[in-house]
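The block underneath contains the structure these notes are about, expressed in structure tokens.
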Amino acid sequence: MSGTHADALISRQMRSLETLLEERGVVVGAALDEALDAFLAGSTPLNGARVVARAWTDPEFKERLLADGTSAVAELGYAAGGVQPQRLRVVENTAHTHNVIVCTLCSCYPVRLLGPSPSWYKSEAYRSRVVREPRAVLAEFGFGVPLDTEITVWDSSAETRYMVLPRRPAATESLPERALTDLITRNALIGTAPL
């Protein structure tokens, strides 16, 4: 099934579920729309960038973030999941390891921290290829990972979401946290860009 047909099928299934819930009085359509709008209004890659900037400037926070991402982001007022909580695991890029995230089964993704997922993240091409040939996929994003750097692909699930902690750029030691936040892109938090 092509990505377009799969998206259409999922959309029809979701609409059918919404209709059933509305007919049975479990949820009111307008209330569902309001809840979704409120959730998405607070969901932006800026949230993930703030988490990374804090980790770059606060070694103790970074340690907590890498040990238990869910609790660490909660310290900053962010939930790892959406409607139902998920575990957040933050994986750190180093001089020898680069991380990239994917959800091979669907498009599980930490929306609250990264904003709505980009269309390419949900595409069947990305979901299947990044696992088999991550270096080639990253090159297509314009990101040439050195051959001596190991690439680890993390597969999200309904229970666990991932976020990449990019490497802090050189010569940024004097920058305040806010300025560091401005350097970080959503693609860096997914692992398809260095920053």
Subject >> Where at least one partner belongs to residues 180-195, residue pairs that pass side-chain hydrogen bond (donor to acceptor under 3.5 Å, both in side chains), sequence neighbours excluded >> reply: Arg178-Asp182
Original post:
How would you list all residue pairs meeting side-chain hydrogen bond (donor to acceptor under 3.5 Å, both in side chains) that involve residues 139-151, not counting sequence neighbours?
Top reply: Arg129-Glu140
**OP:** Give a yes or no on whether Arg132 atom CZ has more than 12 heavy-atom contacts from other residues, nucleotides or ligands under 6.0 Å away.
**Re:** yes
Original post:
For Glu63, does the CD atom have more than 12 heavy-atom neighbours from other residues, nucleotides or ligands under 6.0 Å away?
Top reply: no
[X] versus [Y], closest heavy-atom pair with distance:
X: Leu138; Y: Val100; value: CD2-CG2, 4.2 Å
X: Leu114; Y: Pro45; value: O-CG, 3.2 Å
X: Ile184; Y: Ala53; value: CD1-N, 4.0 Å
X: Pro169; Y: Leu195; value: CG-CD1, 3.1 Å
X: Val131; Y: Pro134; value: O-CD, 3.9 Å
X: Val90; Y: Gly69; value: CG2-CA, 4.3 Å

Original post:
With sequence neighbours excluded, what pairs up with Glu177 under the salt bridge (Lys or Arg N to Asp or Glu O under 4.0 Å) test?
Top reply: Arg54
Original post:
Got a sec, which residues hit salt bridge (Lys or Arg N to Asp or Glu O under 4.0 Å) with Arg64, two or more places apart in sequence or on another chain?
Top reply: Glu75
**OP:** May I have the step-by-step check of side chain to side chain contact (heavy atoms under 4.5 Å, CB included) for Arg135 and Leu147, ending in yes or no?
**Re:** CA-CA 9 Å; Arg135 198 171 299 278; Leu147 292 175; 3.7 Å; yes
Nearest 0.5 angstrom please: [X] [atom1] to [Y] [atom2], how far?
X: Leu105; Y: Ser157; atom1: CG; atom2: OG; result: 8.5 Å
X: Ile190; Y: Ser117; atom1: CD1; atom2: OG; result: 8.0 Å
X: Leu88; Y: Arg112; atom1: CG; atom2: CZ; result: 13.0 Å
X: Cys103; Y: Arg127; atom1: SG; atom2: CZ; result: 7.0 Å
X: Ile101; Y: Thr160; atom1: CD1; atom2: OG1; result: 12.0 Å
X: Asp155; Y: Thr104; atom1: CG; atom2: OG1; result: 3.5 Å

**OP:** Provide the full list of salt bridge (charged side-chain N to carboxylate O under 4.0 Å, His left out) pairs with a residue in residues 88-110, sequence neighbours left out, each pair given once.
**Re:** Lys62-Glu92
Original post:
What residue pairs, at least two apart or across chains, pass salt bridge (charged side-chain N to carboxylate O under 4.0 Å, His left out) with a residue in residues 163-174?
Top reply: none
**OP:** Go through the structure and list residues passing ring pair (Phe, Tyr, Trp, His ring centres under 6.0 Å) with Phe61, not counting sequence neighbours.
**Re:** none
Original post:
Who are the ring pair (Phe, Tyr, Trp, His ring centres under 6.0 Å) partners of Phe143, not counting sequence neighbours?
Top reply: His98
Original post:
Please, which pairs that meet ring-ring contact (aromatic ring centres under 6.0 Å, His included) have at least one residue in residues 149-195, sequence neighbours excluded?
Top reply: Trp154-Tyr162
Subject >> Pairs satisfying ring-ring contact (aromatic ring centres under 6.0 Å, His included), at least one member in residues 171-195, at least two apart >> reply: none
Original post:
Residues two or more places apart in sequence or in another chain: which of them pass side chain to side chain contact (heavy atoms under 4.5 Å, CB included) with Thr97?
Top reply: Thr94, Asn99, Thr152
Subject >> Residues that Ala125 engages under side chain to side chain contact (heavy atoms under 4.5 Å, CB included), provided they are two or more places apart >> reply: Ser123
Original post:
Distance-only, no hydrogens or angles: does the Trp56 side chain make a donor-acceptor pair with backbone N or O of Val51 under 3.5 Å?
Top reply: no
Original post:
Between the main-chain N or O of Cys108 and the side-chain N or O of Tyr121, is there a donor-acceptor pair closer than 3.5 Å?
Top reply: yes
[X] versus [Y]: any side-chain heavy-atom pair under 4.5 Å?
X: Gln86; Y: Glu159; answer: no
X: Leu183; Y: Leu175; answer: yes
X: Val102; Y: Ser156; answer: no

**OP:** Mind running side chain to side chain contact (heavy atoms under 4.5 Å, CB included) on Val111 and Arg161 for me, showing each step along the way?
**Re:** CA-CA 9 Å; Val111 174; Arg161 303 289 196 264; over 6 Å; no
Subject >> Tyr126 and Trp120 aromatic ring geometry - parallel, tilted or perpendicular at 30°/60° bounds >> reply: perpendicular
Original post:
Is there a chain of hydrophobic side chains (I, L, V, M, F, W, Y, each step under 4.5 Å between heavy atoms) that links Leu165 to Leu46?
Top reply: no
